[in-house]
Amino acid sequence: MDHVSSSCQHDAMKLKSFVSITKPGIILGNLITVLGSFFLAQHAVFNFGVLILLLVGISFVIASGCVFNNIIDSDIDALMARTADRVLVKGLISERAAFRFGLTLGGMGFLCLLSINLLSFLFGVIGWFFYVVIYSLWAKRQSVYGTFIGSVSGAMPMAVGYSAGSNHIDSGLILLVLISISWQIPHSYVIGLVRSDDYIKANIPLFSVLHHDKKVKRHCVMYIVTFTILCSLLYFQGYTGLFYLIIMMLLCVYWLYLSLKGFYTSNIKSWAKSMFLFSIVIISSFSALIGFNY
């Protein structure tokens, strides 16, 4: 009986380890934006089968990208306090097993997206390629513009969601991609400020770590203003209703206010944390509003 119990515990720990390298939090966060963009594109029509394929497909593709990112980053993860306990760093899973797992997830995910339409599949491929190959293998370690390059990958789940619902490229899809990019950059910059010690230790050339705080804050303001304008264009292009416009503009004004407060505070990390938390609130609210399409 003890042997069976021990075996079950070992299997459970192994399963937990494999789940952890898919970064479930990142998957969940992206699914919120995917659902919003899908329902925006669907309008009054709703295809439950496509929705299931979309959720499974994009989840597996993102999970695959995260697994390969874990493999690629295992050396620098060992240097940072935040990531030092990751399973690949501790050797709880072999890199070969993780590689096979990532390939399997990617194959299943891309097959699901291809079953929806070619456009969703292509945007999924672009997102995966930018994240794994361009960002993880090169830009994160070599370029101060890694955040911007990574934001292209981060914008693709919205593109996949919208194209799954519409099966064509239009101004709505383009706006969603630009909105996602303009949101991700200040969101990522403040993460860099909060975790600057880790990034310095791992020698990662993050823009918000290498440049002076005031320059980072100016960039945050610039991208938040851009985000605000792009969000309003969804209404003026006829994709959303007046309720969306009012709520989003109020949220954007407050986010801009928080950003400007950064110029008058000496506690940079406290300010960065408040910016980070509100960035989560605003992208979640945005996704809900475009999903309900009010």
L31 vs I58, side chain to side chain contact (heavy atoms under 4.5 Å, CB included): CA-CA, chis, key distance, verdict
CA-CA 8 Å; L31 285 183; I58 195 65; 3.6 Å; yes
Take F263 and R218 through the side chain to side chain contact (heavy atoms under 4.5 Å, CB included) test and state the conclusion after the steps.
CA-CA 9 Å; F263 292 98; R218 286 197 298 270; 3.9 Å; yes
Would the number of heavy atoms belonging to other residues, nucleotides or ligands and lying under 6.0 Å from CZ of F278 be above 12?
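Correct, the count exceeds 12.
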Do you know which two heavy atoms are closest between [X] and [Y], and how far apart they sit?
X    : Y    : answer
L53  : C112 : O-CB, 3.7 Å
Y239 : G172 : OH-N, 2.9 Å
L51  : L35  : CD1-CD2, 3.7 Å
I21  : N70  : O-ND2, 3.0 Å
T83  : I76  : OG1-O, 4.5 Å

Hey, are Y199 and S208 close enough side-chain-wise for a donor-acceptor pair under 3.5 Å?
no
Distance only, no hydrogens: is a donor on one side chain within 3.5 Å (strictly under) of an acceptor on the other, for S120 and S163?
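On atom types as modelled, these side chains qualify, holding a pair under 3.5 Å.
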Same hydrophobic cluster for L206 and V194, using side-chain heavy-atom links shorter than 4.5 Å among ILVMFWY?
no
Verify whether the ring centers belonging to W183 and F286 lie closer than 6.0 Å.
no
Please identify each residue that fulfils side chain to side chain contact (heavy atoms under 4.5 Å, CB included) with K269, with sequence neighbours left out.
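Scan of K269 (side chain to side chain contact (heavy atoms under 4.5 Å, CB included), adjacent residues dropped) gives S196, D197, N267.
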Please say which of Y131, F101, F99, Y135 ends up in a ring pair (Phe, Tyr, Trp, His ring centres under 6.0 Å) with F68.
F99
Run the numbers on R86 and K23 for side chain to side chain contact (heavy atoms under 4.5 Å, CB included), then give the verdict.
CA-CA 10 Å; R86 285 182 174 172; K23 301 182 182 179; 4.0 Å; yes
Parallel, tilted or perpendicular for Y189 and F207, by the 30°/60° rule?
parallel
How are the rings of Y257 and Y254 set to each other: parallel, tilted or perpendicular (split at 30° and 60°)?
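Correct class here is tilted.
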Run the salt-bridge test on R141 and D73 with the 4.0 Å N-O cut-off and return the result as yes or no.
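Salt bridge: yes.
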Atom SG of C220 and atom CG of L193: how far apart are they, to the nearest 0.5 Å?
7.0 Å
The residue among S188, S180, S182 that forms side-chain hydrogen bond (donor to acceptor under 3.5 Å, both in side chains) with Q184 is S180
